[in-house]
Protein chains: 2
Amino acid sequence: MTVTLADVAARARVSPATVSRVLNGNYPVAASTRERVLRAVDDLDYVLNGPASSLAAATSDLVGILVNDIADPFFGIMAGAAQTQIGGPGDGSGRAGGEKLAVICNTGGSPERELTYLTLLQRQRAAAVVLTGGAVENEAHQAAISAKLARLADAGTRIVFCGRPPLSDGNALVAALAFDNRGGGRRLTEHLVALGHRRIGYVAGPPERTTTRHRLEGHREALRGAGIEAGPGDPGAGDEERLTVHGPYDRRSGYEATLEILRRAPDVTAIAAANDTVALGACAAVRDRGLRIPQDISVAGFDDLPFSVDAVPALTTVRLPLFEAGARAGRIAMGKENPPPGGIATIAAELMIRGSTAPPRAV
Amino acid sequence: MTVTLADVAARARVSPATVSRVLNGNYPVAASTRERVLRAVDDLDYVLNGPASSLAAATSDLVGILVNDIADPFFGIMAGAAQTQIGGPGDGSGRAGGEKLAVICNTGGSPERELTYLTLLQRQRAAAVVLTGGAVENEAHQAAISAKLARLADAGTRIVFCGRPPLSDGNALVAALAFDNRGGGRRLTEHLVALGHRRIGYVAGPPERTTTRHRLEGHREALRGAGIEAGPGDPGAGDEERLTVHGPYDRRSGYEATLEILRRAPDVTAIAAANDTVALGACAAVRDRGLRIPQDISVAGFDDLPFSVDAVPALTTVRLPLFEAGARAGRIAMGKENPPPGGIATIAAELMIRGSTAPPRAV
DNA sequence: CTGTTAGCGCGTTCAC
DNA sequence: GTGAACGCGCTAACAG
């Protein structure tokens, strides 16, 4: 029923091995023979049997890209960029030569699903795996992931982190491209402080995520640097806790967290959000409370997603080179580019000052 | 080096066949034996060899989801929703039983890459393929896609369209979930007309996309219905052409197209955009020209992506149930739900009236 | 440069 | 309920 390599070989009057060789292109074959084979392939509409090929060669052309939430452009941009480097441009014939199959797997932020996907990719003997975005900070889970990655690496799967900090256990098999979330968070809050803000609300992400923690740490660093954050026992101690509200990385959470902050501390003059999506929700909450941005309250985000520049007023935020990072991760996964020295690169974050932040109202 | 079924069998003191049977669970096995086998699996950290398994069984657990642009939440939402139905919740062990591997493939809107991905999926003997979003209206390409899908279906791959119109050649092997883009476009423009608008600019998508065409057709239908669009020869004929500008589905294109429309026809009182992302660019352009929304110019979008409600003013748009449609497509692909009667279902679009549209200024 | 020969690891008949 | 044997379709040594 289905046409096999042998059928092609018969039609081209060559041996199966020769057909395999022209298809994989890794071996010298006479031009005339190759011609004949290719014609037979087209005539018969032959498509390689992937599983058989993978079994025999002990490798597959599958590359997995894991993301927390594919509906979030933060991940979509990185994953799409990685795919451009992996999938290859195609040759327009749809014949698909030595192309890799770059596929995106959506974990929904669940550690279990992340592990399941890794197992599935391991089962497929994936050529490489790219893990994007913040990790969940749970020791058991981290250990499980690390162990799983070690086995994958062992089996020849290349592992790349993108926008994700290196494993805490120093697993050296992994190349990591980490964003400077802490530095970005710090510079953002320094900017707010420089404008004159002293009471700054912070809408944080889910508490167990590395991204959340690093951005928040940067924020606090800046407060401490400005002498704003009080130590325990000082008057005003605990303020920083009161002004920080955690929640998922979505619009609604930003909306509600901001209302909560405004309730707890009506005198805040600025809100920093853990990412742009959340910041949008924060803006809505601020406006619904009848306050103007930035005259009454400044709002800032993080990531610089495409829509942020179109917010009204345009969102002050921290730009992460998502596309570039994704593309680079893709190239490393393909072996087209060397991993960074030491296996770890920190990618700079750039402060983008726009209209949503301004000096606080004179009191 | 790598542990195989035989190793597990040896450790459990059973035959390889028995191990295979407990792993696939489709065969009666004594409880005590199964117990022993599973323990051996865990002890040895055994992971099934996917390619070998697929080769022997002539099926694979791969399900492909094709999208035009994964950085666009329009696709991210649908693809993520489909994956929730396909990937299964996992059992928390990371062991991965009979799970399918749902993977997203980003075509970047290129017909060639679409074809290449289909070939790659065919090569992997994918269990199902979900194609999302508008198709490219090129006869040669349509035919190629249709032929390819026919072969896939032939090989037992289930095919589902999601937010994509059925094949024009009536390929009946495909279940199609189509959005009512035409009806949505019509109702949106009817809304503008009802507000009193007569000169309405239209920022269309790429001309070769079905989505673009259907939405535009709906728009024109509404104009004609209101007696606004003139026939050829009438005074004002060609206006509708002059007021329509095509471009990619991105923010920048919306910005530039809007500037162009404003240049061509400074008297337009409303701009309808082909989608929300484009509408955001349109809003920016309108504002940069010193015009207010909606007092001077109304702006409307399409899709009702999550950020649209947070635009200022909130965007009037047409809601498409992206998540629900994606999930349903996923279920059909898994065989958990029957295809719609006749293989085709049209999914309704709902007009969402918000602050960005209002009656035109009295002249 | 090309053909021949052996498996790759598992699912699936068959027997028992 | 379990084991033995065969073959899925292809690649990777070898020869030649």
Side-chain angles (χ1 to χ4, degrees), chain A residues 1-38 40-41 44-62 96-98 122-127 155-156, chain B residues 1-38 40-41 44-62 96-98 120 122-125 127 155-156:
Chain A
M1 190 65 220
T2 135
V3 26
T4 76
L5 232 200
D7 299 332
V8 176
R11 189 173 228 279
R13 321 188 60 88
V14 295
S15 77
T18 302
V19 178
S20 170
R21 295 198 262 253
V22 332
L23 256 27
N24 292 306
N26 303 327
Y27 233 75
V29 175
S32 65
T33 316
R34 125 180 286 103
E35 193 64 26
R36 215 145 26 95
V37 169
L38 251 22
V41 167
L44 265 37
D45 224 342
Y46 170 69
V47 173
L48 200 61
N49 183 319
S53 159
S54 297
L55 174 57
T59 62
S60 94
D61 53 2
L62 208 67
Q122 179 182 9
R123 180 186 288 188
Q124 301 293 339
R125 306 300 189 251
Chain B
M1 192 62 220
T2 137
V3 27
T4 77
L5 231 201
D7 300 331
V8 176
R11 189 172 226 280
R13 319 189 58 89
V14 294
S15 78
T18 302
V19 178
S20 171
R21 294 198 259 254
V22 332
L23 255 28
N24 291 308
N26 303 327
Y27 235 73
V29 174
S32 65
T33 317
R34 129 181 282 103
E35 194 63 26
R36 215 148 23 97
V37 169
L38 285 178
V41 167
L44 265 39
D45 225 340
Y46 171 69
V47 173
L48 200 62
N49 184 318
S53 160
S54 296
L55 174 57
T59 62
S60 95
D61 53 1
L62 208 67
L120 251 13
Q122 179 183 10
R123 179 185 291 187
Q124 301 293 338
R125 306 300 188 253

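Proteins get letters first, then strands, A, B, ... in listed order; numbering begins at 1 in each.
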Within the structure provided, determine whether [X] and [Y] are in side-chain contact (heavy-atom separation under 4.5 Å).
X: A:L38; Y: A:V22; value: yes
X: A:L55; Y: A:R125; value: no
X: A:L23; Y: A:V8; value: no

- Between protein and nucleotides 11-16 of chain D, map the contacts as a letter string: B base, S sugar-phosphate only, - none, heavy atoms under 4.0 Å, written 5' to 3'. BBB---
- Task: Please name all residues satisfying side chain to side chain donor-acceptor pair (under 3.5 Å) with B:S15, sequence neighbours left out, ordered by chain then number.
- Result: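 Testing B:S15 for side chain to side chain donor-acceptor pair (under 3.5 Å), a comparison that skips the adjacent residues, returns B:T18.
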- Task: Name the first nucleotide and the last nucleotide along DNA chain C (5' to 3') that come under 4.0 Å of a heavy atom in chain B.
- Result: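 Answer, 5' to 3': C:dG9 to C:dT13.
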- Query: Are OP1 or OP2 of D:dG1 and a side-chain N or O of B:T33 less than 4.0 angstrom apart?
  - Reply: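 Looking at the OP1 and OP2 atoms of D:dG1, neither is under 4.0 Å from any side-chain N or O of B:T33.
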What is the minimum heavy-atom distance between [X] and [Y], and which atoms define it?
X: B:A9; Y: B:V19; value: CA-CG2, 3.6 Å
X: A:D7; Y: A:V3; value: OD2-CA, 3.2 Å
X: A:R123; Y: B:L48; value: CG-O, 3.1 Å

- Query: Backbone N or O of B:Q124 within a donor-acceptor pair of the B:S60 side chain at under 3.5 Å?
  - Reply: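 Yes, the answer is positive, given that a donor and an acceptor are paired below the 3.5 Å cut-off.
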- Message: What is the separation between atom CZ on B:R13 and atom P on D:dT2, rounded to the nearest whole Å?
- Response: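 B:R13 atom CZ is separated from D:dT2 atom P by 15 Å.
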